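In what follows, a structure is listed as structure tokens, so that the remarks can point back to it.
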Amino acid sequence: MDTFKLQSYTKADLALLYSPHSETATAIQNLYRWMRRNEALMSELQSVGYNKFRHSFLKQEVGIIVKYLGEP
């Protein structure tokens, strides 16, 4: 199994890492749901300038997500 690499990911790619057996849209919805339910995660993302309309997560944002949700 490959080890997780901390880097920028498209939102779809990161979501599929967390939900590999789901359809892309479902995986994205699940990831967003987990993120929204974690207030500390969302607060830290906002503090680094997270833009929910961007199509990718920056490396720093991926690091924060992994900090709260664990490695995919």
Side-chain angles (χ1 to χ4, degrees):
M1 183 170 165
D2 294 334
T3 58
F4 177 74
K5 184 176 180 185
L6 189 60
Q7 64 182 28
S8 294
Y9 287 94
T10 66
K11 290 182 176 182
D13 288 343
L14 186 62
L16 286 169
L17 287 174
Y18 277 100
S19 300
H21 301 294
S22 298
E23 294 290 329
T24 303
T26 303
I28 292 171
Q29 289 172 347
N30 287 337
L31 179 59
Y32 284 162
R33 185 178 307 116
W34 297 334
M35 289 171 59
R36 282 192 310 269
R37 289 181 178 171
N38 190 320
E39 291 179 23
L41 166 59
M42 292 307 295
S43 177
E44 192 166 342
L45 281 175
Q46 294 301 325
S47 74
V48 297
Y50 169 66
N51 177 351
K52 69 180 183 178
F53 299 108
R54 193 180 327 115
H55 293 279
S56 60
F57 291 110
L58 303 176
K59 182 178 179 180
Q60 182 180 22
E61 294 167 346
V62 172
I64 293 168
I65 292 167
V66 169
K67 174 181 169 182
Y68 289 95
L69 300 182
E71 284 191 10

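Residues take their numbers from the sequence shown, with the count starting at 1. Just so it is clear, the structure is predicted and the values come from calculations on it, not from any experiment.
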At their closest point, which heavy atom of [X] faces which heavy atom of [Y], and how far apart are they?
X	Y	answer
K11	F53	NZ-N, 4.2 Å
S19	A27	CB-CB, 3.9 Å
E61	V48	CG-CG2, 4.3 Å

Does a side-chain heavy-atom distance below 4.5 Å link [X] with [Y]?
X	Y	result
Y50	I64	no
M35	K52	no
L31	I28	no

Q | Whether Y18 and W34 hold their rings parallel, tilted or perpendicular, with breakpoints at 30° and 60° | A | perpendicular
Q: Answer yes if L58 and L6 sit in the same cluster of Ile, Leu, Val, Met, Phe, Trp and Tyr residues linked by side chain heavy atoms under 4.5 Å apart, and no otherwise.
A: no
(Q) Nearest 0.5 angstrom please: Q7 CD to D13 CG, how far? (A) 9.0 Å
Q.
To the nearest 0.5 Å, what is the distance between CD1 on I65 and CZ on F57?
A. 4.0 Å
Q.
Checking L41 against L45 for the side chain to side chain contact (heavy atoms under 4.5 Å, CB included) test, could you report, in this order, the C-alpha distance in whole Å, the side-chain angles of both residues, the deciding distance, and whether it holds?
A. CA-CA 6 Å; L41 166 59; L45 281 175; 3.9 Å; yes
Q. Under the side chain to side chain donor-acceptor pair (under 3.5 Å) rule, what pairs show up with a residue in residues 38-49, not counting sequence neighbours?
A. E44-K67, E44-Y68
Q. K59: what forms a salt bridge (Lys or Arg N to Asp or Glu O under 4.0 Å) with it, not counting sequence neighbours?
A.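 By the salt bridge (Lys or Arg N to Asp or Glu O under 4.0 Å) rule, K59 matches no residue at all.
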